[in-house]
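These notes concern the structure reproduced below.
One-based numbering, in listed order, for ligands and for the atoms of each.
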Amino acid sequence: MNAIMTPDELEAALRAVGTARYHDKHPFQILLQEGRLNRDQVAAWALNRYYYQSRIPLKDAALLARLEDPALRRSWRQRIVDHDGEREGDGGIERWLRLTDSFGFDRAEVMAGRGILPATKFAVDAYVRFVSDKTLLEAIASSLTEMFSPGIIATRVSGMLAHYDFVSKETLAYFDKRLTQAPRDADFALDYVKREARRPDQQQAVIAALNFKCDVLWAQLDALYFAYVQPGLPAPGAWTP
Ligand code: PQQ
């Protein structure tokens, strides 16, 4: 039996998951931030990551639908607004589409999921399902990878701007807002998890949820590496403009 942890010990255990398994260690991410990918490979990353972006509001809507406390709903619904915007032409998904636009992809094709690698689909869809099916505590804990995202975003953006002439501060503008949104969201989720995961089995479940989410992120980069770096076997339907 696992011993009960204090809330701070639980936080330390969660941070250790990130240190060991977050996607900042993935070889594809290292190539991306070090300027060692060509334009087509970076375009493939932007295209495939659109699928993750597009499913985040669905995942948050599934979570929101399970929250019985109006105060919790008020906080969580902001995540959907961040991605969808308050109006046409606003929000994170629109900003991501400006990045895929810059590579010459057709918006309608991007939004239809053309060229998304099968493993990316499976991983991202598994995240939406996890949040719908698992306990609320596990669903909230699975968002905690956001504790680690400001670091990877800063490294990725500065590396890409330094090494690639086909991206700019404007085309990477999606990430600017994430640097304030992610810490706000992660603090909220971490407070919830530290408060509500009181029993050892609950604490182990939230650690497992964070491990699962690290796998969701890792698998997306595995798919890109396999199709576009080595051995370089794009899946049927893989697509560049
Ligand atoms: N993670 C979530 C989530 O689980 O609810 C939402 C987001 C992430 C985003 O909107 C992101 O932009 C994002 N970006 C990165 C990144 O750029 O590496 C990582 C993550 C993450 O750690 O899950 C998210």
key: Rounded distance (nearest 0.5 Å) linking atom OH of Tyr127 with atom CG of Leu217   = 8.0 Å
message = Please output the residues near ligand 1 using a strict heavy-atom distance under 4.0 Å, listed in chain and residue-number order.
response = Tyr22, His23, Arg49, Tyr52, Ile56, Lys59, Arg79, His83, Tyr127, Ser143, Thr145, Glu146, Ser149, Ile152, Ile153, Arg156, Tyr174, Phe175, Arg178, Lys213, Leu217
message = Could you check whether any side-chain heavy atom of Leu14 comes within less than 4.5 Å of a side-chain heavy atom of Val193, counting everything from C-beta outward?
response = yes
List, one per line, each side-chain donor-acceptor pair under 3.5 Å for residues 181-191, sequence neighbours excluded.
unit_1: Gln181; atom_1: OE1; unit_2: Arg178; atom_2: NH1; d: 2.9
unit_1: Arg184; atom_1: NH2; unit_2: Asp82; atom_2: OD2; d: 2.5

request  = Mind checking ring-ring contact (aromatic ring centres under 6.0 Å, His included) for Tyr192 and listing every partner two or more places apart, or none if nothing turns up?
outcome  = none
query = With the threshold set at 4.0 Å, does a side-chain nitrogen-carboxylate oxygen contact exist between Arg107 and Glu94?
reply = yes
task = Report the residues that fulfil side chain to side chain contact (heavy atoms under 4.5 Å, CB included) with Ala108, sequence neighbours left out, ordered by chain and then residue number.
result = Asp106
